[in-house]
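Down below is the structure, laid out as structure tokens.
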Amino acid sequence: MAIHPYVLLSAAVSVDGRLDDTARERLVLSNRRDLDRVDRERAAADAILVGATTLRRDNPRLLVASAERRARRVASGQQEHPLKVTVTGSAELDAGLAFWHCGGEKLVFTVDGALSRARRTLGALADIVSTGPALEWPLLLDELGRRGVERLLVEGGGTIHTQLLAQNLADELHFVVAPLLVGEAAAPTFLSPARGGGGCPTPPKKK
């Protein structure tokens, strides 16, 4: 039986809970100190996961920026950069995005109905796995565990954060609030309405 990775969610939001604004250019909510925190968590992770919407909107590379941290990973027997993972229900993926052309291995989770399209679009750029007729997060985490992922860093977006928290599959949350107000109703939010188990497990009480 595979052991689920330790799941760390990381998000920077405005004071009104927005991950971004509606402009074409990405709104940077992290300062230098927070960007270094994210880089430190990337270096400590076995895999980094973002949703396909985040790929389309932000075109992230998801690499470890610090040469010193990369060197420590290699010295400890790890790859220079963690495994990069994305999740898509539609396979609406762009093979030209930076995500596919830098760093190490890439893994895509999708559903049966989109599996063929994902394979046609990406070819040999990534390993592609279906969790069945619907996206099943426990199965996804099982598969990551089988692949040796012990620590998973989830960097968004809001739909991914919501689903993991609602299903009580997050172990830790790093939540950074930037001192600004986006003030746009259409801007993406950290969480959407959802029913579920409520989020990070409650630590046991000390006896």
Side-chain angles (χ1 to χ4, degrees), residues 5-87 94 96-107 144 149-165 170-192 199-200 203:
Y6 185 89
V7 178
L8 168 63
L9 309 187
S10 177
V13 301
S14 62
V15 292
D16 52 342
R18 306 292 167 167
L19 293 166
D20 202 347
D21 59 16
T22 58
R24 185 165 186 171
E25 294 296 321
R26 182 187 171 205
L27 176 65
V28 178
L29 293 166
S30 295
N31 59 15
R32 184 177 301 177
R33 181 178 176 184
D34 186 48
L35 291 173
D36 185 66
R37 174 195 63 83
V38 172
D39 195 61
R40 184 171 64 250
E41 292 301 339
R42 287 180 180 180
D46 299 302
I48 306 169
L49 183 148
V50 296
T53 300
T54 299
L55 290 188
R56 291 189 291 268
R57 182 175 176 85
D58 297 340
N59 192 19
R61 297 187 306 155
L62 300 181
L63 303 176
V64 178
S66 165
E68 182 180 348
R69 289 171 180 147
R70 294 197 305 269
R72 283 202 298 265
R73 285 180 59 88
V74 172
S76 67
Q78 297 174 291
Q79 296 295 314
E80 190 175 20
H81 300 282
L83 170 70
K84 298 196 293 188
V85 185
T86 192
V87 180
D94 181 350
L97 293 177
F99 180 89
W100 312 110
H101 301 285
C102 58
E105 297 179 352
K106 291 87 182 177
L107 175 61
L144 289 176
V149 175
E150 297 181 1
R151 186 176 180 87
L152 174 66
L153 174 62
V154 180
E155 295 195 28
T159 299
I160 303 297
H161 289 316
T162 299
Q163 290 175 354
L164 288 168
L165 286 168
D171 298 289
E172 185 177 342
L173 169 62
H174 288 190
F175 191 70
V176 176
V177 181
L180 61 85
L181 182 71
V182 170
E184 298 178 5
T189 58
F190 168 60
L191 294 178
S192 304
C200 299

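We count residues from 1, following the sequence as given. For clarity, every value in this text was computed on a predicted model and none was experimentally measured.
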How many angstroms lie between atom [atom1] of [X] and atom [atom2] of [Y], to the nearest 0.5 angstrom?
X    : Y    : atom1 : atom2 : value
L107 : L49  : CG    : CG    : 8.5 Å
L35  : S30  : CG    : OG    : 5.0 Å
L191 : H161 : CG    : NE2   : 8.0 Å
E155 : I160 : CD    : CD1   : 12.5 Å
C102 : H81  : SG    : NE2   : 7.5 Å
K84  : W100 : NZ    : CH2   : 9.0 Å

Counting C-beta onward and ignoring hydrogens, is there a side-chain heavy-atom pair between [X] and [Y] closer than 4.5 Å?
X    : Y    : result
V13  : V176 : no
P82  : V64  : yes
L8   : V154 : no
T189 : L19  : no
V74  : Q78  : no

Just checking, any donor-acceptor pair under 3.5 angstrom between side chains of [X] and [Y]?
X    : Y    : value
E68  : S66  : no
T53  : R56  : yes
E172 : H174 : yes

Crowding at [atom1], [X] (>12 non-hydrogen neighbours, <6.0 Å):
X    : atom1 : value
Q79  : CD    : no
E184 : CD    : yes
R72  : CZ    : yes

Open item on the list: Quick check with a 6.0 Å cut-off and a 45 degree axis cone: is K106 positioned over the face of F99's six-membered ring?
Closed with: no
Return the minimal non-hydrogen interatomic distance between [X] and [Y], and the atom names on each side.
X    : Y   : result
D171 : P5  : OD2-O, 3.8 Å
L144 : V85 : CD2-CG2, 4.2 Å
S10  : V38 : OG-CG2, 4.3 Å
L29  : R18 : CD1-O, 3.5 Å
T86  : L55 : OG1-CD1, 3.5 Å
E150 : D46 : N-OD2, 2.9 Å

Between [X] and [Y] (side chain of the first, backbone of the second, donor and acceptor by atom type, cut-off under 3.5 Å), is there such a pair?
X    : Y    : answer
T162 : S192 : yes
D21  : A23  : yes
D16  : G183 : yes

- [ ] Answer yes or no: is there an ion pair linking D20 with R26, defined by an N-O contact shorter than 4.0 Å?
- [x] no
Open item on the list: Taking D34 first and then R40, would you say they form a salt bridge - that is, a charged N and a carboxylate O separated by under 4.0 Å?
Closed with: no
